[in-house]
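Single-structure report; data block below.
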Amino acid sequence: MQIAAISFDKFNALADQEAQERIRAARARLGKRAVILCHHYQRADVFRHADLTGDSLKLSRLASQSDAEFIVFCGVHFMAEVADILSRPEQVSVLPDLAAGCSMADMASLAKVERAWRELSTVLAPDEQITPVTYINSAADLKAFCGEHGGIVCTSSNAPKILEWAFARRAKVLFFPDQHLGRWSGYRMGIPMDEMAIWNPDLELGGLTPEQIAKARIILWHGYCSVHQMFQLAQIERFRAQYPDGRVISHPECAFEVCQASDAVGSTEKIITTVKESAAGTRWLVGTELNLVDRLADEVKHEGKIVQFMGGVICMCSTMQRIDPQHLAWTLENLAEGNIVNRIVVPPHEAAPARVALERMLAAS
Ligand code: 13P
Ligand code: SF4
């Protein structure tokens, strides 16, 4: 018999130290029944409880390979949705705080993408000429849209490869929601800038003329990450002036000019491995979220490496930050008591086509 879930009110006021102890105790009770997956942006007081860590691609693979009954996702909503879609039906995907969303993912909705598809059909035949490609930072219904329209999902670590997959099938790509990842990946493939057009979903025909649409090879949704848009070229220029031997690495969600001025561009996992594999004593400027940069700086300082944060102001992923030790303790204690809280369930009519688009990605990357 399932007993009533323990209310979060009892955990809200928990002192941090007590929350840590209760996480450890609940984990011990759950044993191998639960696995804790943590994205690299997760705050340190939660990250330390991770069984497995990674970027979005690695975490989606890990979720699909896990045998645990409960997949506790310390990340954001779309990541827990992917875990639900790729895991077996009897497995349960849980997001410790349902308010942990992704503001970039919210910039494209199914209604707006369907409207774009309809409007594009006044100029060309989208289902024959355009492959829809959604960044994994998107809701499950958009992944389902891609699955149903011959499209695919990509992540920050495989986007150019996925674009190649898309162009092997149709002449054009509609890329949503992150314009920067789409633009950078297109540029790396050699697509000229004037063949990448911005689709503004609030304007008729995306604010484009039929001629611009006919010319575009990639139509970029007007979306962006509020964290990565804080990084600026001037910050790199200042760093290079001060440390001519320093190296710069950025996430592809950064603006084009930031990526272009960087020595390397890559996913969170790539940023970490590149810095870890660099020569002792290297100084790095890193353009991605602060929790990752702080942790990385700490992990490599014994090799004399210096890791600096690119931002002039503190920029954290405030939504991911919502998963705190109190929410993790509450989630795990409930699971240990037999109460499933904050389960993320993608309805079957969305999960099936979304899985198609995700499996195309996993096979192509
Ligand atoms: P990664 O897949 O590189 O971890 O990126 C996810 C993300 O949301 C970056 O903002
Ligand atoms: Fe979304 Fe940006 Fe947070 Fe990544 S850092 S999860 S893109 S809001």
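Keep in mind that what you see is a predicted model, and the values were worked out from it rather than measured. Indexing begins at 1, ligand by ligand and atom by atom, following the structure's order. Residue indices begin at 1 and follow the sequence shown. These numbers come from the heavy atoms of this one structure, side chains and all, not from hydrogens, waters or symmetry mates.
Checking Trp117 against Asp127 by side-chain atom types alone, a donor-acceptor pair falls below 3.5 Å. Between the side chains of Glu337 and Asn339, no donor-acceptor pair is found at a separation under 3.5 Å.
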Item to check | Criterion ring-ring contact (aromatic ring centres under 6.0 Å, His included) on Tyr224 and His180, from CA distance to verdict | outcome: CA-CA 7 Å; Tyr224 56 88; His180 298 299; 7.1 Å; no
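Note that OG of Ser64 is 12.0 Å distant from CD1 of Ile85, once rounded to the nearest 0.5 Å.
Using a 4.0 angstrom heavy-atom cutoff, His39 counts as in contact with ligand 1. Not close to ligand 1: Met104, with no non-hydrogen atom less than 4.0 angstrom away. Look at Thr155 and you'll find every heavy atom at least 4.0 Å from all atoms of ligand 1. Judged by the shortest distance from any of its heavy atoms, Glu253 lies inside the 4.0 Å radius around the atoms of ligand 2.
With 2.8 Å as the limit, Cys317 does not count as an N, O or S neighbour of atom 1 (Fe) of ligand 2.
Nearest-heavy-atom check against atom 2 (O) of ligand 1 across Ser56, Ser226, Cys317 picks out Ser56. Relative to atom 10 (O) of ligand 1, the option among Glu253, Lys58, Glu289 with the closest non-hydrogen atom is Glu253.
The ligand atoms of ligand 1 that sit less than 4.0 angstrom from a heavy atom of Ser267 are 3 (O). Residue-ligand proximity, Cys225 to ligand 2, at heavy-atom distances under 4.0 Å covers atoms 2 (Fe), 5 (S), 7 (S). Those atoms of ligand 2 that come under 4.0 Å of a heavy atom in Ser103, given as number and element, are 8 (S).
Using a cut-off of 4.0 Å between Lys/Arg side-chain N and Asp/Glu carboxylate O, Lys32 and Asp51 are scored as not salt-bridged. Between Glu211 and Lys215 there is no salt bridge, since none of the side-chain N atoms of the basic residue sits less than 4.0 Å from a carboxylate O of the acidic one.
Looking at ligand 1, you'll find an N or O of Asn137 within less than 3.5 Å of one of its N or O atoms.
In terms of protein heavy-atom proximity, atom 1 (Fe) of ligand 2 is nearest to Cys102 SG, 2.3 Å. Scanning the protein heavy atoms around atom 5 (O) of ligand 1, the nearest turns out to be His251 NE2, 3.3 Å. Nearest to atom 3 (O) of ligand 1 among the protein's heavy atoms is Ser156 OG, 2.6 Å.
Judged by distance alone, the side chain of Asp298 and the main-chain N or O of Asp294 form no donor-acceptor pair under 3.5 Å.
Counting heavy atoms from C-beta outward, Lys276 and Leu296 have side chains that approach closer than 4.5 Å.
By the criterion of a heavy-atom distance under 4.0 Å, neither the backbone nor the side chain of Asp178 is placed next to ligand 2.
Phe176 and Trp221 have perpendicular rings, their planes meeting at more than 60° on a 0 to 90° scale where under 30° would count as parallel.
Put simply, the residue from Gln91, Arg88, Arg33 that forms a side-chain hydrogen bond (donor to acceptor under 3.5 Å, both in side chains) with Glu69 is Arg33.
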